[in-house]
Amino acid sequence: MAELYDFDTAIDRRGTWCIQWDGVADRFGVDGLLPFTISDMDFATAPEVLAALRARLDHGVFGYTTWQQDDFRSAVAHWYATRYGTEIDTGRLVYGPSVLNQLSQLLQMWTGEGDGVVVHTPTYDGFRKAITGLGRELRGVPVGDEEALVRELARPDAKVLVLCSPHNPTGRVWTADELTRMAELAERYGVAVVSDEIHADFVHEGYVHVPWTRVAGAGGGGGRWALITSGSKAFNFPALTGSYGLIGDPADRAEFLRRMETAEGLASPAVLSLTAHIAAYREGGPWLDAVRAYVAGNLGHVAERLSAGLPELGWEPPQAGYLAWIDLRAAGVDDAELQRVLVERERVAIMGGSVYGAPGFVRLNVGCPRAKVERGVEALIRAVKAVRAAKSSPTGV
């Protein structure tokens with residue numbers, strides 16, 4: 001299906017105020033690097049979304065808008081029914097400018113200063129900033145370590161489990177059994193769950209995303225929960241802003257809406273975001289399938305080149321997403337020196353694992369044309385080999 005769309009032709013994003021290309025110096029200190037960083041893609045969004053946006057622009061009037069209308073609600077319900085075989089209660093829907101903004105509101109509702117918020121490690125840096133920025137204590141548990149998860153949830157001051165499903169940065173897709181177990185534990189210990197599912201639409205072949213709504217209440221006691229997400233990640237329109245969520249308890253939903261509409265003054269959403277979501281969820285499925293297949297090919301290329309150039313890594317593609325999470329610890333390279341060589345010699349920007357609390361890893365964004373991926377992975381291989389060679393050379397890199 002990918003052949004129906006052109007993902008190979010590069011689109012010049014320089015000078016468009018985008019963080020990945022125009023803001024690279026803010027993180028790496030140098031302009032002009034080839035970036036593989038923040039998680040947006042270098043592809044134009046689906047043609048169906050573009051057509052809907054153009055039609056809305058042609059209308060010419062952009063007054064105050066409501067998301068609480070059937071076009072939006074039914075589009076979300078249609079997406080969950082057709083993509084995940086899941087019927088959702090649209091009466092539980094809420095809306096916000098971003099997933100992280102929703103997370104912030106929920107943390108303020110369900111925790112107090114100093115309370116513990118449990119996350120899986122490595123941890124998306126946006127979670128870290130939101131949690132610690134509100135004065136809450138981030139409690140990390142390694143992905144897959146149930147013993148650590150039980151220990152942290154059982155602490156009296158643990159109030160919320162923030163779940164990334166699928167997980168960023170590892171690309172791990174949680175199984176139904178794993179999610180059910182988390183739901184049972186959260187209910188047992190009275191911990192609310194916020195499930196960030198913004199990467200759900202990019203689950204690769206052979207894996208299945210299970211929305212939190214399917215496991216909520218697994219322990220029989222209900223429990224507080226919220227699912228927060230957006231079509232912006234999969235369809236690549238985060239600059240339009242806009243996200244939505246589902247909140248289990250009616251009183252919690254009412255409080256969330258009160259905060260957004262009064263305390264935050266966010267009663268009117270961005271109309272172009274609503275337009276984009278509706279078009280994506282009603283008509284954008286074929287494009288999404290195609291771009292996901294293309295990205296899977298990119299990840300396969302990364303695996304092939306790493307297998308040939310750095311076979312000791314034993315790297316395999318992630319289960320979801322367009323972010324290649326690469327464990328370089330077997331290569332025995334120093335993180336700081338590797339970043340220096342990547343920036344100064346190779347002129348590429350690749351996120352270091354320390355950003356996510358995981359030294360020894362890198363996160364390579366492959367949501368881009370294949371030619372760019374090829375440049376990035378070859379630069380990474382050369383840089384690792386150069387740093388490793390320098391360790392045994394008195395002259396250095």
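Just the heavy atoms: all of them, side chains too, but no hydrogens, waters or symmetry mates, feed the values below.
A continuous path of Ile, Leu, Val, Met, Phe, Trp and Tyr side chains, each step under 4.5 Å between heavy atoms, connects Leu106 with Phe127, placing both in one hydrophobic cluster. If you chain together hydrophobic residues whose side chains sit under 4.5 Å apart, Val208 and Val295 never meet in one group. The cluster map of Ile, Leu, Val, Met, Phe, Trp and Tyr, joined by side-chain heavy atoms under 4.5 Å apart, puts Val203 and Val210 in different clusters.
Other residues, nucleotides and ligands contribute more than 12 heavy atoms inside 6.0 Å of the CZ atom of Arg388.
Here the CD atom belonging to Glu197 is positioned 9.0 Å from the CH2 atom belonging to Trp212, to the nearest 0.5 angstrom. Separating the NE2 atom in His78 from the OG1 atom in Thr90 is a distance of 14.5 Å, to the nearest 0.5 Å. Taken to the nearest 0.5 Å, the OH atom of Tyr244 stands 15.0 Å off from the CZ atom of Arg92. Here the straight-line distance linking atom CG of Leu342 with atom CD1 of Ile350 works out to 5.0 Å at 0.5 Å rounding. Taken from OG1 in Thr9 to CZ in Phe43, the straight-line distance is 10.5 Å, to the nearest 0.5 Å. In this structure, OG1 on Thr37 lies 7.0 Å from CG on Asn365, to the nearest 0.5 angstrom.
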**Asked** Can you list the steps and then say if Tyr356 with Thr170 is a side chain to side chain donor-acceptor pair (under 3.5 Å)?
**Response** CA-CA 10 Å; Tyr356 316 98; Thr170 67; over 6 Å; no
**Request:** Given side chain to side chain contact (heavy atoms under 4.5 Å, CB included), test Arg305 with Ile381 step by step and report yes or no.
**Result:** CA-CA 8 Å; Arg305 293 304 304 132; Ile381 291 169; 4.2 Å; yes
**Request:** Test salt bridge (Lys or Arg N to Asp or Glu O under 4.0 Å) on Asp31 and Arg347 and set out the steps.
**Result:** CA-CA 9 Å; Asp31 277 322; Arg347 304 291 296 171; over 6 Å; no
**Message:** Between Leu266 and Glu261, is the side chain to side chain contact (heavy atoms under 4.5 Å, CB included) condition met? List the steps.
**Reply:** CA-CA 5 Å; Leu266 295 171; Glu261 295 176 2; over 6 Å; no
**Request:** Evaluate the criterion side chain to side chain contact (heavy atoms under 4.5 Å, CB included) for residue pair Asn168 and Arg363; output intermediate values, then yes/no.
**Result:** CA-CA 10 Å; Asn168 175 21; Arg363 196 188 79 169; 3.3 Å; yes
**Request:** Any chance you could lay out the side chain to side chain contact (heavy atoms under 4.5 Å, CB included) test for Arg73 and Leu93, step after step, and finish with the verdict?
**Result:** CA-CA 8 Å; Arg73 287 171 166 157; Leu93 278 171; 3.8 Å; yes
**Message:** One pair to check against salt bridge (Lys or Arg N to Asp or Glu O under 4.0 Å): Asp289 and Arg292. What are the steps and the verdict?
**Reply:** CA-CA 5 Å; Asp289 292 339; Arg292 193 173 58 236; 3.1 Å; yes
**Full working for salt bridge (Lys or Arg N to Asp or Glu O under 4.0 Å) between Glu374 and Lys372** = CA-CA 5 Å; Glu374 291 170 355; Lys372 183 186 174 191; over 6 Å; no
**Request:** Could you give me the CA-CA distance, side-chain angles and deciding distance for Tyr84 and His209, then say whether ring pair (Phe, Tyr, Trp, His ring centres under 6.0 Å) is met?
**Result:** CA-CA 7 Å; Tyr84 304 118; His209 172 70; 5.3 Å; yes
**Asked** Is there a salt bridge (Lys or Arg N to Asp or Glu O under 4.0 Å) between Lys129 and Asp125 once you walk through the steps?
**Response** CA-CA 6 Å; Lys129 292 172 184 175; Asp125 57 322; 3.8 Å; yes
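For Phe72 and Tyr95, the distance between ring centers is under 6.0 angstrom.
Contact annotation: the side chain of Val117 never approaches that of Lys159 to less than 4.5 Å [non-hydrogen atoms, C-beta and beyond]. Contact annotation: the side chain of Leu149 never approaches that of Asp145 to less than 4.5 Å [non-hydrogen atoms, C-beta and beyond]. By the 4.5 Å heavy-atom criterion applied to side chains, Val150 and Tyr189 are counted as neighbours. Looking at heavy atoms from C-beta onward, Tyr5 lies in side-chain contact with Pro47 at the 4.5 angstrom threshold. Between Asp201 and Lys233 the shortest side-chain heavy-atom distance does not fall below 4.5 Å.
No side-chain N or O of Thr180 forms a donor-acceptor pair with one of Asp177 less than 3.5 Å apart. Looking at Ser74 and Arg282, their side chains do bring a donor and an acceptor atom within 3.5 Å of each other. No side-chain donor from either of Thr275 and Arg56 sits under 3.5 Å from a side-chain acceptor of the other. Residues Trp225 and Asp249 have side chains that never bring a donor and an acceptor to within less than 3.5 angstrom of each other.
The only member of Leu161, Val160, Ile131, Leu163 that meets side-chain contact (heavy atoms from CB on, under 4.5 Å) when paired with Val119 is Ile131. With Ile228 as the fixed residue, the side-chain contact (heavy atoms from CB on, under 4.5 Å) test singles out one of Leu100, Ile247, Leu103, Val162: Leu103. Considering Thr16, Asp12, Asp42 as possible partners of Trp21, the one that fulfils the side-chain hydrogen bond (donor to acceptor under 3.5 Å, both in side chains) test is Asp42.
Minimum interatomic distance between Val341 and Ala386 (heavy atoms only, all atoms of both residues): CG1-CB, 4.5 Å. Nearest approach of Ala296 to His204, heavy atoms of both residues: CB-ND1, 4.2 Å. Closest non-hydrogen pair, Thr66 versus Leu274, comes out as O-CD1, 3.6 Å. Nearest heavy-atom pair, Thr229 versus Ser243, reported as atom, atom and distance to 0.1 Å: O-CB, 3.2 Å. Closest approach of Phe256 to Gln105, counting heavy atoms only: CE1-CB, 3.7 Å. Closest heavy-atom contact between Tyr294 and Phe7: OH-O, 3.5 Å.
Here Arg151 does not pair with Glu146 in a salt bridge; the nearest charged N to carboxylate O distance is not below 4.0 Å. Checked for salt-bridge contact, Arg259 and Glu255 meet the test: a charged N lies under 4.0 Å from a carboxylate O. One finds no salt bridge joining Arg214 and Glu87 here, because no Lys/Arg side-chain nitrogen approaches an Asp/Glu carboxylate oxygen to under 4.0 Å. Between Glu178 and Arg181 there is no salt bridge, since no side-chain N of the basic residue sits under 4.0 Å from a carboxylate O of the acidic one.
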Throw together a table of side-chain donor-acceptor distances under 3.5 angstrom for residues 318-331, partners on residues two or more places apart or in other chains.
{"from": "Gln319", "atom 1": "OE1", "to": "Val173", "atom 2": "N", "distance (Å)": "2.7"}
{"from": "Tyr322", "atom 1": "OH", "to": "Ser39", "atom 2": "O", "distance (Å)": "2.8"}
{"from": "Asp327", "atom 1": "OD1", "to": "Arg329", "atom 2": "N", "distance (Å)": "3.0"}
{"from": "Asp327", "atom 1": "OD1", "to": "Arg329", "atom 2": "NE", "distance (Å)": "2.9"}
{"from": "Asp327", "atom 1": "OD2", "to": "Arg329", "atom 2": "NE", "distance (Å)": "3.3"}
{"from": "Asp327", "atom 1": "OD2", "to": "Arg329", "atom 2": "NH2", "distance (Å)": "2.7"}

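The salt bridge (charged side-chain N to carboxylate O under 4.0 Å, His left out) check on Asp40 picks up Arg13, with sequence neighbours excluded.
Of the possible polar contacts, none joining the Glu346 side chain to the Val348 backbone as a donor-acceptor pair under 3.5 Å is found. A donor-acceptor pair under 3.5 Å links the side-chain atoms of Glu187 to the main chain of Gly217, judged by distance alone.
Aromatic ring orientation, Phe237 versus His277: perpendicular (interplanar angle above 60°, classes split at 30° and 60°).
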